[in-house]
Amino acid sequence: MVSTTEKPDEATLNAIRQRLMETGDWDRIQKLLQNQLEENGWVDDLKDLAKERARAQETPNLENLIKEISESARGMINENTRRDVAQEIEAVLDREVDQA
């Protein structure tokens, strides 16, 4: 079992992702996340930030823009959204472990 302070290895993450995709939970959790981000205004805020940063670039460059706003984007996610999605993932993983 992986401790809560240790990140799982890539093979473990891929196995979890594959199982979530097989059960349909991957799509369901993605929709939950997308809906919450839209409801909380994150999508609009991110678009505004991207436009602002793009206009400030001397030479427009999508790759640099993405690098520039990625960290801010992660930090802009509402704590309730983070908690809700994490709880949903934990519930799915608990269910899968119980069934194994």
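Heavy atoms only: backbone and side chains are in, while hydrogens, waters and symmetry mates are out.
Taken together through direct or relayed side-chain contacts under 4.5 Å among Ile, Leu, Val, Met, Phe, Trp and Tyr, Leu13 and Leu33 form parts of separate hydrophobic clusters. Tracing side-chain contacts under 4.5 Å through hydrophobic residues (I, L, V, M, F, W, Y), one reaches Val43 starting from Ile77; they form part of the same cluster.
Across all non-hydrogen atoms, the minimal contact from Met76 to Asp45 is CE-CB, 3.6 Å. For Ile69 against Ala50, the heavy-atom pair with the smallest separation is CD1-CB, 3.9 Å. Of all heavy-atom pairs spanning Ser72 and Leu49, the tightest one is CB-CD2, 3.7 Å.
With rounding to the nearest 0.5 angstrom, the CD atom of Glu68 is 11.5 Å from the CG atom of Leu62. Distance check: Gln99 CD to Asp94 CG gives 11.5 Å after rounding to the nearest 0.5 Å.
By the 6.0 Å contact criterion, CZ on Arg55 is open, its count of non-hydrogen atoms from other residues, nucleotides or ligands being 12 or less.
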Using a 3.5 Å cut-off and no angle test, enumerate the donor-acceptor pairs between side-chain atoms of residues 16-32 and protein atoms at least two apart in sequence or in another chain.
unit_1 : atom_1 : unit_2 : atom_2 : d
Arg17  : NH1    : Asn14  : OD1    : 2.7
Gln18  : NE2    : Glu22  : OE2    : 3.3
Arg19  : NE     : Glu96  : OE1    : 2.7
Arg19  : NH1    : Glu22  : OE1    : 3.4
Arg19  : NH2    : Glu96  : OE1    : 3.1
Thr23  : OG1    : Arg19  : O      : 3.2
Thr23  : OG1    : Leu20  : O      : 3.2
Thr23  : OG1    : Asp25  : N      : 3.4
Thr23  : OG1    : Asp25  : OD2    : 2.8
Asp25  : OD1    : Arg28  : NE     : 3.3
Asp25  : OD1    : Arg28  : NH2    : 2.8
Asp25  : OD2    : Arg95  : NH2    : 2.5
Trp26  : NE1    : Gln30  : OE1    : 3.4
Arg28  : NH1    : Glu88  : OE2    : 2.7
Arg28  : NH2    : Glu88  : OE2    : 3.0

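Between the side chain of Gln57 and the backbone N or O of Asn61, at least one donor-acceptor pair lies under 3.5 Å.
Annotation: side chain of Gln36 is not in contact with side chain of Asn78 (no heavy-atom distance under 4.5 Å). Proximity of Thr12 to Asp9: side-chain heavy atoms (C-beta onward) are separated by under 4.5 Å at one or more points.
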What verdict does the salt bridge (Lys or Arg N to Asp or Glu O under 4.0 Å) test give for Arg74 and Glu71, after you've listed the backbone C-alpha separation in whole Å, the side-chain angles of each residue and the deciding distance to 0.1 Å? CA-CA 5 Å; Arg74 283 188 286 277; Glu71 189 64 33; 3.1 Å; yes
Tell me, with the steps shown, if Ile89 and Val92 meet side-chain contact (heavy atoms from CB on, under 4.5 Å). CA-CA 5 Å; Ile89 292 169; Val92 168; 5.8 Å; no
Please lay out, stage by stage, how Glu63 and Lys67 fare under the test salt bridge (Lys or Arg N to Asp or Glu O under 4.0 Å). CA-CA 6 Å; Glu63 186 176 324; Lys67 286 179 187 176; 3.4 Å; yes
